[in-house]
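Worksheet: one structure, shown below.
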Amino acid sequence: MVDTPPARPAPDHPRPTFARPRWACLDGPWDFAEGRPGDTPRDWDWDRTIEVPFPPESAASGLGLERCDHPRYRRMFTLGSDIEAPGPGERLLLHCEGVDHEARVWVDGQFVGRHEGGYTPFTLDITDALGEGPGHEVVIAATDLARDLEQPRGKQDWHDHPHAIWYGRSSGIWRSVWLEVVPPVRLDSAAWATLDTFGQLRGTIRLVGWHEGDNLMIEASFACEGVDLGTVTTRASASVVEVTTRLGKAAHADTPLLYWTPDNPMLIDVRLRLVRGDEVLDEVAGYTGLRTIGVRGGTVELNGVAVFSRLVLEQAYWPDTHFTAPSLEALRAEAELIKGMGFNGLRIHQVSADPRFLRTCDEVGLMVWADVPAAYVHTPRSTALNSRTLTELVERDRNHPSVVAWVPYNESWGVFEVADSAQQQAAVRAAYWLAKALDPSRLAIGNDGWENVAGDLVGVHDYTHDPAVLAARYGSPDAVSATLSGVRPGGKLLLVDAPTPGTPAVLSEFGGVSLPREADSWGYGAVPDASALLGKVAGLVAKVGAASGLVGFCWTQLTDCLQEQNGLAWPDRTPKAPLGALREAIGAQPPPISLLCN
């Protein structure tokens with residue numbers, strides 16, 4: 001049989017860079033109860049129903065609770081109906097994409113595991129807990145203390161009601177729960193890295209169930225836009241295997257280059273097979289992109305070519321669903337809205353991105369800065385949780401070429417004394433170097449905004465609305481240098497550590513122009529109508545664009561969020577001005593033909 005080229009997983013798969021066909025989503029109605037510390041399933045009275053994955057504080061959940069520190073969930077599933085029953089020796093995995101903050105899980109009354117960390121996924125092998133018969137019960141107990149400032153909170157408010165720049169909470173299950181049938185000897189993960197600007201790609205493949213003498217082989221097949229790029233076969237001589245290939249150029253004239261850029265977001269579809277002789281033990285579909293990013297000569301280079309970043313701050317918050325996207329279609333529409341406005345990237349701010357949103361960013365061409373959601377006090381526990389979240393986010397998202405930068409700390413949140421505290425400075429430096437150790441293929445900024453401690457870039461937040469002031473501060477390399485050494489936008493010291501000479505600067509938050517609808521709304525400065533909004537955006541952006549002393553900017557923000565009404569779009573994602581006019585104000589080129597045709 002002649003193999004067809006590798007194909008990308010279905011758009012709805014929760015983990016689009018590592019997908020098998022035998023999976024089933026458990027989203028939908030679950031039984032619900034509110035628990036208390038230290039309780040167990042026998043203590044709960046399942047008196048309500050909740051719509052998973054929407055958090056209990058959201059309207060879409062069907063509950064709309066003001067506060068829920070101990071949400072409890074129960075659902076039945078049936079083998080052979082909800083999901084194919086595992087065959088002899090096969091295993092059944094339970095995947096949770098996001099349970100905030102701590103999760104304990106039981107299956108058929110047997111405790112199967114726990115996870116701490118609300119912004120990252122976890123997986124449990126539940127095979128040995130399954131009771132007799134086809135029907136089985138999953139119970140998930142979450143603990144998310146509203147007043148716990150040590151745990152990563154991001155933009156989730158710890159007050160009873162949203163205030164200032166903080167929003168409603170997303171406690172408990174807030175992303176998909178799903179099942180997967182897998183073989184006992186299988187592929188566990190694949191991490192792809194582009195090694196140079198000549199198309200060299202390296203994959204680090206991890207196996208489960210490997211034993212010495214198994215005589216296993218790994219086949220990695222590659223394709224671009226349906227054109228087969230070949231297969232590399234490597235002996236699995238250990239449980240961790242490296243696969244290296246040089247792809248370079250595609251084999252047909254319509255695709256002269258394979259490198260991923262915002263203007264030409266080429267993706268490499270990948271099929272991995274674990275084989276023994278003629279037997280295929282496991283097969284996984286995914287994709288990656290050939291993309292390098294780094295700093296050289298005071299500029300940021302994408303694939304060896306200087307690039308200017310036009311980013312927008314993406315809070316990823318919806319009125320009825322909070323930090324959970326309303327639908328798969330909403331995720332794609334979000335990325336296409338950002339692209340249509342003229343941005344070539346975004347900063348996913350203080351929340352982890354849905355992997356399916358990252359897939360869309362990969363496909364439409366958006367560079368993503370990924371924040372680690374902040375805690376709001378500095379303790380050994382908060383530092384450990386920050387490190388764990390960063391580690392797990394890198395592991396989850398490292399195959400998305402759109403992700404170009406990690407931001408472990410923002411505006412000194414959780415390290416409020418970093419300017420003077422050696423301990424807090426060490427925490428930021430450690431987070432920066434952890435990001436670089438885990439993922440040297442991307443940029444990292446230790447503490448973005450001000451009080452910069454370690455970083456490939458210096459990130460500055462400056463919300464002045466005077467174009468002349470912006471020009472004086474950032475209009476040339478000399479102006480930027482003077483600003484970093486002497487100016488305090490917002491009264492904040494910009495540098496704790498002097499950066500390495502030639503370190504570029506990014507205006508990583510600015511703007512925040514409000515066109516409010518509500519009397520009690522909040523923003524950095526209001527305008528009366530859409531025309532004034534466009535004029536203000538254009539006037540500010542013109543002073544910090546590619547001709548300035550900066551290598552990029554990030555406009556605050558994409559949408560209005562509750563009381564923070566300084567978005568370019570209303571909460572329902574309707575732009576406040578025509579897209580073409582917004583593109584012109586942002587200084588972008590005309591949209592791609594594909595967007596013009598939509």
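- Heavy-atom neighbours of Glu417 CD from other residues, nucleotides or ligands within 6.0 Å: at or below the threshold of 12.
- Remark: side-chain polar atoms of Thr556 are not paired, donor with acceptor, to backbone N or O of Leu313 under 3.5 angstrom.
- In terms of modelled atom types and a separation under 3.5 Å, the side chain of Arg153 and the main chain of Ala146 share a donor-acceptor contact.
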Mind running salt bridge (Lys or Arg N to Asp or Glu O under 4.0 Å) on Arg381 and Glu116 for me, showing each step along the way?
CA-CA 12 Å; Arg381 176 173 175 249; Glu116 186 177 18; 3.4 Å; yes
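- Remark: side-chain polar atoms of Arg356 are not paired, donor with acceptor, to backbone N or O of His13 under 3.5 angstrom.
- Distance alone, capped at 3.5 Å, places no donor-acceptor pair between the Arg169 side chain and the Pro162 backbone.
- Arg442 contributes a side-chain N or O that, together with a main-chain N or O of Val403, makes up a donor-acceptor pair within less than 3.5 Å.
- Under the 4.5 Å side-chain criterion, counting only non-hydrogen atoms from C-beta, Phe32 is in contact with Tyr73.
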Applying side-chain hydrogen bond (donor to acceptor under 3.5 Å, both in side chains), run through His70 and Glu34 and close with a yes or a no.
CA-CA 6 Å; His70 302 283; Glu34 292 188 70; over 6 Å; no
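- Rounding to the nearest 0.5 angstrom, the gap separating the CG atom in Leu267 from the CZ atom in Arg8 is 4.5 Å.
- Summarising the geometry of Val139 relative to Pro41, their closest heavy-atom pair is CG1-CG, 4.1 Å, with the distance given to 0.1 Å.
- In this structure, Thr321 and Ala60 approach most closely via the heavy-atom pair CG2-CB, 3.6 Å.
- Evaluation of the salt bridge (Lys or Arg N to Asp or Glu O under 4.0 Å) rule for Arg104 yields Asp39 as partners, not counting sequence neighbours.
- The CD1 atom of Ile338 sits 4.5 Å away from atom CD of Glu314, with the distance rounded to the nearest 0.5 Å.
- Separation of atoms CD (Gln563) and CH2 (Trp166) is listed at 10.0 Å; rounding is to 0.5 Å.
- Within the 4.5 Å cutoff, side-chain heavy atoms of Pro571 are placed close to those of Asp560.
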Let's go through Thr234 and Ile205 carefully: what are the C-alpha distance in whole Å and the side-chain angles of both, what is the deciding distance for side-chain contact (heavy atoms from CB on, under 4.5 Å) to 0.1 Å, and is it a yes or a no?
CA-CA 11 Å; Thr234 304; Ile205 317 300; over 6 Å; no
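- Ion pair Glu564/Lys155 flagged as a salt bridge, since at least one NZ, NE, NH1 or NH2 atom sits closer than 4.0 Å to an Asp/Glu carboxylate oxygen.
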Evaluate Glu57 against His322 for side-chain hydrogen bond (donor to acceptor under 3.5 Å, both in side chains), listing each step before the verdict.
CA-CA 8 Å; Glu57 297 93 346; His322 294 199; 5.3 Å; no
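- Within 6.0 Å of the CD atom in Glu137, the count of heavy atoms belonging to other residues, nucleotides or ligands exceeds 12.
- Side-chain contact between Leu346 and Phe357 is present, with heavy atoms from C-beta onward closer than 4.5 Å.
- Phe323 meets the ring pair (Phe, Tyr, Trp, His ring centres under 6.0 Å) test with Tyr317; sequence neighbours excluded.
- A distance of 11.0 Å separates CD in Gln151 from OG in Ser382, rounded to the nearest 0.5 Å.
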Audit row: Arg147, Arg67, side-chain contact (heavy atoms from CB on, under 4.5 Å) steps and yes/no
CA-CA 11 Å; Arg147 305 291 192 260; Arg67 174 177 171 180; 3.4 Å; yes
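- The side-chain heavy atoms of Pro14 and His95, taken from C-beta on, include no pair separated by under 4.5 Å.
- Proximity of Ile218 to Leu272: side-chain heavy atoms (C-beta onward) are separated by under 4.5 Å at one or more points.
- Heavy-atom minimum distance, His400 versus Asp362: ND1-OD2, 2.7 Å.
- No donor-acceptor pair under 3.5 Å is formed between the side chain of Asp439 and the backbone N or O of Ala435.
- The two atoms that bring Asp354 and Arg175 nearest to each other are N-NH2, 3.1 Å, heavy atoms only.
- You'll find the side chain of Pro373 reaches within 4.5 Å of the side chain of Thr389, heavy atoms only.
- Cation-pi check for Arg573 over Trp318 is met; the charged atom lies under 6.0 angstrom from the ring centroid and within 45 degrees of its normal.
- Salt bridge annotation for Asp282-Arg276: absent, with no cationic side-chain nitrogen under 4.0 angstrom from a carboxylate oxygen.
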side-chain contact (heavy atoms from CB on, under 4.5 Å) between Trp369 and Asp448: does it pass, once the steps are laid out?
CA-CA 11 Å; Trp369 285 26; Asp448 183 62; 4.2 Å; yes
side-chain hydrogen bond (donor to acceptor under 3.5 Å, both in side chains) assessment of Thr288 paired with Asn399
CA-CA 5 Å; Thr288 189; Asn399 291 330; 4.7 Å; no
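- Arg271 has no carboxylate O lying under 4.0 Å from a charged side-chain N of Glu219, or vice versa, which leaves the two without a salt bridge.
- Remark: the backbone N or O of Trp46 is not paired with any side-chain donor or acceptor of Asp31 at under 3.5 angstrom.
- Under the 4.0 Å criterion applied to side-chain N and carboxylate O atoms, Asp43 and Arg72 are not assigned as salt-bridge partners.
- Crowding of Arg22 atom CZ: a count of heavy atoms from other residues, nucleotides or ligands under 6.0 Å exceeding 12.
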Could you walk me through whether Glu392 and Tyr119 pass side-chain contact (heavy atoms from CB on, under 4.5 Å), step by step?
CA-CA 9 Å; Glu392 294 180 357; Tyr119 291 95; over 6 Å; no
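- For the pair His136 and Leu92, the minimum side-chain heavy-atom distance is 4.5 Å or more.
- Looking only at distances, a side-chain donor or acceptor of Asn386 sits under 3.5 Å from a matching main-chain atom of Pro408.
- With rounding to the nearest 0.5 angstrom, the CG atom of Asp144 is 7.0 Å from the CG atom of Asp69.
- Rounding to the nearest 0.5 Å places CZ of Arg332 at 4.0 Å from OG1 of Thr360.
- Ser61 is listed as a side-chain neighbour of Ile50, based on a closest heavy-atom distance under 4.5 Å.
- When atom types are taken as modelled, the side chain of Tyr376 and the backbone of Gly154 share a donor-acceptor pair closer than 3.5 angstrom.
- Of all the heavy atoms in Ser521 and Gln565, the pair that sits closest is CB-CD, 3.4 Å.
- Using a distance-only test at 3.5 Å, with no hydrogens or angles considered, a donor-acceptor pair links the side chain of Gln424 to the main chain of Phe416.
- Closest of all the heavy-atom pairs between Glu411 and Asn447 is N-OD1, 3.4 Å.
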